[in-house]
**Q** 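One structure is given below, represented as structure tokens, and several questions about it will come after.
Since the structure is predicted, the reported quantities are computational estimates derived from the model, not experimental observations. Chain A is the first sequence line, chain B the second, and so forth, proteins listed ahead of strands; every chain is numbered from 1.
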Amino acid sequence: MSADTIAPAIELKGISKAFGPVQANKDISIRVMPGTIHGIIGENGAGKSTLMSILYGFYKADKGEIFISGTKTEIPDSQAAIRAGIGMVFQHFKLVENFTVLENVVLGAEDGPLLKPSLAKARKQLVALSEEYELNVDPDALIEDIGVGMQQRVEILKALYRKADILILDEPTGVLTPSEADHLFRILRGLKDEGKTIILITHKLREIMDVTDTVSVMRRGEMTATVKTSETSPPQLAELMVGRKVLLEVDKTAAKPGANVLEVTDLKVTDAMGVQRLKGINLTVRAGEVLGIAGVAGNGQSQLLEVLGGMCTGTGSILVNGEPIDLSGKNSDARTRRKRGIAHVPEDRQREGLIMDFYAWENVAFGYQDDPAYSKGLLMDNAALRADTEAKIERFDVRPANPWLNAKNFSGGNQQKIVVAREIERNPDLLLIGQPTRGVDIGAIEFIHKQIIALRDAGKAILLVSVELDEIMSLSDRIAVMFDGQIMGERDPSTTNEKELGLLMAGVTETGAAA
Amino acid sequence: MDFLTLIQILDSTVRLATPLLLACLAGLFSERAGIFDIGLEGKMLAAAFFSAAIAFTTGSVWLGLLAGIGASMALSGLHGLASITFRGNQLISGVAINFLASGLTVLIAQSWFKQGGRTPSLIGNARFEPITLPFAEALQNVPFLGPIYYELLSGHSILVYIAMLCVPGSWYLLYRTRFGLRLRAVGENPAAVDTAGISVIGLRFAAVAICGILCGIAGAYLSTALQAGFVKEMTAGRGYIALAALIFAKWRPWHALFACLLFGLLQALALRSDVVESVLQVSVPDQLLNSLPYILTVIILAGFVGKAIPPRAGGEAYVKER
């Protein structure tokens with residue numbers, strides 16, 4: 001295939017877009033050849049999503065031209081984008097939760113004023129499409145009843161049903177398990193083989209290396225490079241993204257574990273639905289080490305963090321520094337846990353770690369609002385709190401460095417830095433940290449990882465829960481694998497590998513039997 | 001209680017349920033599209049006044065009906081402008097409409113007719129007269145079915161039959177047409193509609209317009225069919241009762257019919273305290289009977305009738321996001 005004879009599927013020339021004083025896209029030009037998978041990589045806020053929203057008619061560019069298959073095309077709205085053969089799978093799915101898969105696919109692409117013939121036709125096509133591309137879905141299932149992996153397949157089917165030749169996926173793997181992500185990539189390769197053009201927006205280097213043919217890097221609204229994937233490497237891409245050299249491997253020395261800080265014996269948790277989520281957990285975390293909990297999401301890791309953090313009740317025994325802590329009753333709450341030296345960075349920072357509509361400095365007080373340093377008699381000493389926030393913002397390099405900004409106005413990485421700063425700076429004996437880098441850009445990941453290791457080296461105990469196996473492998477001193485509410489086994493990260501852990505995560509033990 | 005009394009009470013139930021049903025369906029269209037409408041009351045009141053006023057001055061109840069629908073739609077447009085175009089708070093806009101209608105109707109009535117804020121009584125063609133269904137008189141004496149047909153089904157104004165037909169009509173429109181699919185989608189997740197290339201604003205205005213038409217008919221029914229003329233505050237909280245019925249019905253047309261019939265029955269019983277007393281064998285104060293529909297409204301709104309999940313995007317203006 002030669003670039004001279006075939007027109008690019010998409011060509012953008014000199015696209016610029018500003019939101020008030022913020023220049024989200026600066027003079028961006030890009031050519032995407034048909035039948036390829038083109039990655040667009042960049043940190044959060046680099047302007048990737050804005051660029052794709054322009055292509056999908058959500059925003060109008062201030063300047064620049066769009067060519068689809070060599071023809072100059074105006075895209076004033078989503079309808080025009082659909083007509084031009086562009087389909088988009090957004091990071092947050094645009095599905096109607098209490099509609100069926102079929103109704104969601106048909107919505108907006110009906111054949112006539114009555115539904116029945118449209119639905120019948122769509123059902124036929126859906127079956128054909130799902131067979132062709134391994135996109136198996138149940139057309140009559142309600143969206144709210146199916147998992148995120150299948151919801152994503154519905155979004156892809158929506159685009160294909162509208163005869164999209166160009167498919168844009170925005171951070172598609174953020175919500176997927178590793179096996180679901182692999183499934184998605186198989187689908188994408190299948191689509192590519194059919195001649196479809198795919199644009200994959202992501203900040204995960206491994207995905208780019210795995211699945212794309214070419215990759216464009218964006219930084220601060222500008223396109224810094226477009227390279228063939230086969231001719232680049234993760235460190236080079238990371239440097240192009242961040243604008244400086246980035247350490248992809250975590251730099252750490254061997255752990256010097258001390259006394260047991262956390263001892264958990266036969267811990268059981270039953271949720272509100274009456275389902276037993278933890279079925280007798282035994283583990284210890286020593287001072288000066290990181291215990292990583294690996295596992296596919298939903299196997300009890302969340303409940304483990306919650307019960308340790310005092311967000312739910314359970315049975316069994318938990319010793320912190322040799323002293324028991326209450327698992328139910330009035331002394332089992334998060335506040336008491338904090339007093340006992342346990343800090344908690346919850347998995348879902350937007351729901352449990354922050355109040356999105358509150359200022360950064362108010363968020364810094366949460367959990368520690370009765371700290372004498374923040375009080376003046378009966379009143380809050382807001383000035384002291386703000387000064388402390390400013391110091392934390394500086395030390396943790398939170399951007400923008402403005403304590404008066406609402407939590408929701410920070411990027412995911414900076415939100416996480418606020419939570420991590422709040423918890424780590426308390427100098428806890430035990431840090432519980434869940435999904436520390438979910439939705440966090442690469443520069444911030446490096447920073448947060450360094451902070452975790454620094455806390456470990458200061459002789460503190462750390463319990464790390466993550467669904468990112470890479471993260472578990474690189475940070476942990478010991479790895480425990482959870483499956484179905486139990487610990488399947490413990491491994492040494494220097495002697496184990498992804499394959500072995502993957503089997504444990506699927507519930508397969510050495511004897512070969514599934515638990 | 002004899003059979004004929006029962007039939008009569010059910011007959012009153014149908015007549016009293018009709019304005020509730022129309023208002024309830026009006027609210028259903030609006031809320032299914034994601035626009036909460038607490039202003040049903042005000043729209044009905046405005047429609048009641050303008051229907052009666054125009055019917056009286058022109059002598060034609062049909063022109064009155066049109067005027068009522070027009071007045072109601074004007075207020076709907078105001079609500080749409082405030083809550084869809086300018087993304088204002090839907091509850092505040094609705095409350096404002098209620099106050100506006102409450103004050104303006106009396107003020108204009110006083111200025112036009114000088115009768116203390118009411119319109120003159122409507123007679124003849126200025127009122128919707130009862131319709132006798134075919135063969136009603138002939139079949140009147142057939143045992144059991146005869147009275148049901150003659151007393152209960154026949155002898156209502158045309159608007160009652162229109163309201164009843166609106167139930168299957170709404171169901172069909174919502175669940176069997178493209179418009180209905182889109183309307184329900186825009187109340188659940190407008191972003192899904194927007195990314196599918198359909199105008200969220202257009203759909204929501206269409207829903208609000210339908211709401212205006214139905215509220216207009218409801219108001220016209222009150223002043224030109226149920227009663228003969230407009231009196232101050234004649235809606236008497238029916239807009240709020242319709243909202244309660246809508247929640248009770250969980251935003252579904254057929255359930256709305258039954259919810260409204262239940263409220264209609266309570267109102268009908270309040271008119272026949274003698275029957276209630278003879279059945280229960282105790283003396284029931286009229287005031288208690290009269291307050292039953294409102295008590296039920298409070299119970300429903302307090303959530304004692306099970307979980308009712310409103311349309312998920314209800315009450316929120318749509319803002320495009322990345």
**Q** If I compare all heavy atoms of A192(B) with all of V96(A), which pair ends up nearest, and what's the gap?
**A** CB-CG2, 3.9 Å
**Q** Evaluate the criterion side-chain contact (heavy atoms from CB on, under 4.5 Å) for residue pair Y175(B) and L115(A); output intermediate values, then yes/no.
**A** CA-CA 8 Å; Y175(B) 294 100; L115(A) 275 185; over 6 Å; no
**Q** First locate atom CD1 of I198(B), then atom CG of L107(A), and finally report the distance between them rounded to the nearest 0.5 Å.
**A**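 Output value for this atom pair is 4.5 Å.
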**Q** Starting at OH of Y172(B), measure out to CG of L114(A) and round the result to the nearest 0.5 Å.
**A**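 Taking OH in Y172(B) and CG in L114(A), the distance rounds to 4.5 Å.
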**Q** Non-hydrogen atoms of chain B under 4.5 Å away: do they reach the side chain of R162(A), the backbone, both or neither?
**A** side chain
**Q** Could you check which of G112(A), G87(A), A109(A) has the highest count of heavy-atom pairs closer than 4.5 Å to chain B?
**A**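 Ranked by contacts with chain B, first place is G112(A).
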**Q** Where does R182(B) contact chain A at under 4.5 Å (heavy atoms): side chain, backbone, both or neither?
**A** both
**Q** Which heavy atom in Q79(A) sits nearest to a heavy atom in A196(B), and how many Å separate them?
**A** OE1-O, 4.4 Å
**Q** Report yes if some heavy atom in the side chain of Y56(A) is under 4.5 Å from a heavy atom in the side chain of T195(B); otherwise report no.
**A**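 Yes - at least one pair of side-chain heavy atoms lies under 4.5 Å apart.
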**Q** Return yes when atom OH of Y161(B) has more than 12 non-hydrogen atoms of other residues, nucleotides or ligands closer than 6.0 Å, and no otherwise.
**A**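 Count over threshold, so yes.
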**Q** Check this for me, if you would: do R312(B) and E144(A) make a salt bridge, where the nitrogen-to-carboxylate-oxygen distance has to be below 4.0 angstrom?
**A** yes
**Q** Do N189(B) and E97(A) have a side chain donor and acceptor closer than 3.5 Å?
**A** no
**Q** Could you tell me whether I201(B) atom CD1 has more than 12 heavy atoms of other residues or ligands within 6.0 Å of it?
**A**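 Check fails, neighbour count at 12 or below.
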**Q** Can you tell me how far the CD1 atom of I143(A) sits from the CD atom of E188(B), to the nearest 0.5 Å?
**A**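 Answer for the CD1-CD pair, I143(A) versus E188(B), is 12.0 Å.
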**Q** Could you state the interatomic distance from CZ (R184(B)) to CD (E103(A)), rounded to the nearest 0.5 Å?
**A** 5.5 Å
**Q** Would the number of heavy atoms belonging to other residues, nucleotides or ligands and lying under 6.0 Å from CZ of R178(B) be above 12?
**A**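 Atom CZ in R178(B) is crowded, with more than 12 foreign heavy atoms closer than 6.0 Å.
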**Q** Just give me the residue among D77(A), L95(A), I82(A) that pairs up with chain B most often, heavy atom to heavy atom, under 4.5 Å.
**A**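 Heavy-atom pairs under 4.5 Å are most numerous for L95(A).
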